[in-house]
> 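The structure that follows is given in the form of structure tokens.
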2 protein chains.
Amino acid sequence: MAKLFAYLNNHNQPVRVADLAKALSAPRSSIYELVSVLSKEGLLEFCGEGNKVFFGKLMYVYGANFLSQNSILREGQLEVDRLALETHETFELCTLNQNRQAILYTRLGPRPMRIGSEIGSQFPLPWTASGRLLLSHMDEEAIDSLVLPEDYILPNGSVVDSGKFKNECRDALGAEIVVTQGLINTFTQCLAAPLKGSSGLIEATLCCVLPIDVDGDHKSFISAALKESASRLSRRT
Amino acid sequence: MAKLFAYLNNHNQPVRVADLAKALSAPRSSIYELVSVLSKEGLLEFCGEGNKVFFGKLMYVYGANFLSQNSILREGQLEVDRLALETHETFELCTLNQNRQAILYTRLGPRPMRIGSEIGSQFPLPWTASGRLLLSHMDEEAIDSLVLPEDYILPNGSVVDSGKFKNECRDALGAEIVVTQGLINTFTQCLAAPLKGSSGLIEATLCCVLPIDVDGDHKSFISAALKESASRLSRRT
DNA sequence: CATAGTCGTCCAGTATACTGGACTTGTGTC
DNA sequence: GACACAAGTCCAGTATACTGGACGACTATG
């Protein structure tokens, strides 16, 4: 079931049941059965032509429940919208999901250029500035048990040094902003600021994706705006 | 699993695992196991104190997927917001979910007064104006097989005549607006307008909840606004 | 501090759901 | 229209997950 959902999420559009079976390399009968059960429950829905399925109404309703309980997410969405509108850059709201950084919300600027920055896409933590913030409270041991060896391999094939990464995580503790350059690709940099919950723990990050060659004044302006937003949204202890 | 999700949805806040087991009258060990599996997958999350669980990030992400695929829902939300802002009344976006009417989105006016009009709450179809629209394309036989006998029992205990209900569904076919009064309670009326998909089928309804004693001019105004919004949002064939 | 009640874990037995093969139905091609 | 291939259904055997009871840990109460 988890794999099925993940596959639909990656495709972000209805998928034929037969294709699901192939893609998940599971018996067709199992997938037909599973899809039938989940669609009876309303978590999946048949839609359009050709026996295609996608997430159902209930999934949306349950997701809305999560949103209503999560004030950082709710306020963070508004803030991402506002920042994107004012600066014309791409902003994202990110959070830790298992051993990945998940993008919970995004608003594209006029020049979207980062791979897969759709809602629901997930990245290995060493790939992003947000990843360093999200792990900043953990010790080396905890990081080692969470981050898999293959997560250190960047899209271009080069490898992030795990010792260096853990140092950067430690340095991110208490930082107002973290910047990484040229990790996911060579032409962007990523500025991330921490959103802290009432416990003081970082619950999410506010992140901006900029071209690598943006001029210094503009970058400072974005950086200041991120810090201001993040500190305003963070809960006071 | 379906029951567990439904229970969390009804409570709309984190629930202790032990309470879940009681409420679902299932063995504690089963619920602990199930919750553990679902939270490992990210569909549920432990949150706050005292071993409480609620919907997880993945549920939100998957729900956002549904939203992105469903243009009527996306545009309908904006329209509900706009109508509520302009008229100061409560509007809802409703849809058919199995044999229930589900509220997918709502914006409260200054006098919210309808029971349970939260996102995700569901009603038997005979209780609402939207229900008549959502069933308007079905014949009597299809309606009988979908609507359970107990669905005809209103909250106050009185019973909707099933023949009359089916006539009202038939009359709703092609109607621009459907009004019901005093069904869910004695002091509200419900105005619903159909949102049609590209197939011409009613995919959702836009609905306004008014006090029963609202003056005629205001009601006409609301009614006209609903018709206008609904026809604008409906897909042309 | 003793006690009752609840909470969470563990485990073997059992029931449910998954598997994969055979079969039927649908679809596209020549 | 005949053919090949893919899509979808069905069924018995098996593996997985659920069950419920026993147990220890924790918490409130007198």
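Model, not experiment: these values are computed from the prediction. Quick note: numbers below take in every heavy atom, side chains included, and nothing from hydrogens, waters or symmetry partners. Letters A, B, ... are given to chains in the order of the sequence lines, protein chains preceding strands, and every chain is numbered from 1.
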> Grab the NZ-P distance between B:Lys52 and C:dG8 for me, whole Å please.
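Distance check: B:Lys52 NZ to C:dG8 P gives 12 Å.
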
> If you assign each of B:Glu33 and B:Arg28 to its closest nucleotide in DNA chain D, which residue comes earlier from the 5' end?
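Upstream on the strand: B:Glu33.
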
> Which nucleotide, C:dT19, C:dG8, D:dG8, lies nearest any side-chain atom of A:Pro27?
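Looking only at side-chain atoms, A:Pro27 lies closest to C:dT19.
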
> Would you call the rings of B:Phe165 and B:Tyr152 parallel, tilted or perpendicular, where under 30° means parallel and over 60° means perpendicular?
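Perpendicular: the ring planes of B:Phe165 and B:Tyr152 meet at over 60°.
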
> Going by an N to O cut-off under 4.0 Å, is there a salt bridge joining B:Asp171 and B:Arg132?
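Salt bridge flag = no for B:Arg132 with B:Asp171.
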
> Using only side-chain N and O atoms of B:Asn51, determine if any of them is under 4.0 Å from OP1 or OP2 of C:dC7.
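Indeed not, no polar side-chain atom of B:Asn51 lies that close.
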
> Calculate the interatomic distance between A:Leu34 atom CG and D:dG8 atom P; express it in whole Å.
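Result: 15 Å.
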
> Please determine whether a side-chain nitrogen or oxygen atom of A:Arg16 lies at a distance below 4.0 Å from atom OP1 or OP2 of D:dA7.
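For A:Arg16, the contact criterion (side-chain N or O under 4.0 Å from OP1 or OP2 of D:dA7) is met.
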
> Using OP1 and OP2 only, check whether a side-chain N or O of A:Ser29 sits under 4.0 Å from C:dG20.
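False: A:Ser29 side-chain N/O out of range (4.0 Å or more) of C:dG20 OP1/OP2.
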
> For residues A:Val53 and A:Leu8, report the shortest heavy-atom separation together with the two atoms involved.
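Smallest interatomic distance, heavy atoms only, reads O-CD2, 3.8 Å.
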
> Give a yes or no on this: more than 12 heavy atoms of other residues, nucleotides or ligands lie within 6.0 Å of atom CD of B:Gln98.
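Yes, enclosed.
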
> For B:Ile31 and C:dT9, give me the distance from atom CD1 to atom C1', rounded to whole Å.
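Interatomic distance, CD1 of B:Ile31 to C1' of C:dT9: 15 Å.
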
> Compare side-chain N and O positions of A:Lys22 against OP1 and OP2 of D:dA6 and report whether any pair is under 4.0 Å apart.
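Checking D:dA6 against A:Lys22, no side-chain N or O comes under 4.0 Å of OP1 or OP2.
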
> Please examine the side chains of A:Tyr62 and B:Leu43, heavy atoms only from C-beta on, and report whether any two atoms are closer than 4.5 Å.
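When only atoms from C-beta onward are counted, A:Tyr62 and B:Leu43 do not touch, as no gap falls below 4.5 Å.
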
> Should A:Asp19 and A:Lys52 count as an ion pair when the cut-off is N to O under 4.0 Å?
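A salt bridge is absent here (no side-chain N lies under 4.0 Å from a carboxylate O).
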
> To the side chain of B:Tyr32, which of C:dC7, C:dC18, D:dC18 is closest?
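Taking heavy atoms from C-beta onward, the closest nucleotide is C:dC7.
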
> Report for the helix from C:dG8-D:dC23 to C:dC30-D:dG1: angle between first-end and last-end helix axes, five pairs each, rounded to 10 degrees.
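Rounded value for the end-axis angle: 50°.
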
> Figure out the CE/C1' separation between A:Met1 and C:dC18, and round it to whole Å.
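The answer, rounded to whole Å, is 14 Å.
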
> What pairs of residues pass the salt bridge (charged side-chain N to carboxylate O under 4.0 Å, His left out) test when at least one of them lies in residues 155-165 of chain A, not counting sequence neighbours?
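Every salt bridge (charged side-chain N to carboxylate O under 4.0 Å, His left out) pair that includes a residue of residues 155-165 of chain A, provided the two are not neighbours, is A:Lys164-A:Glu168.
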
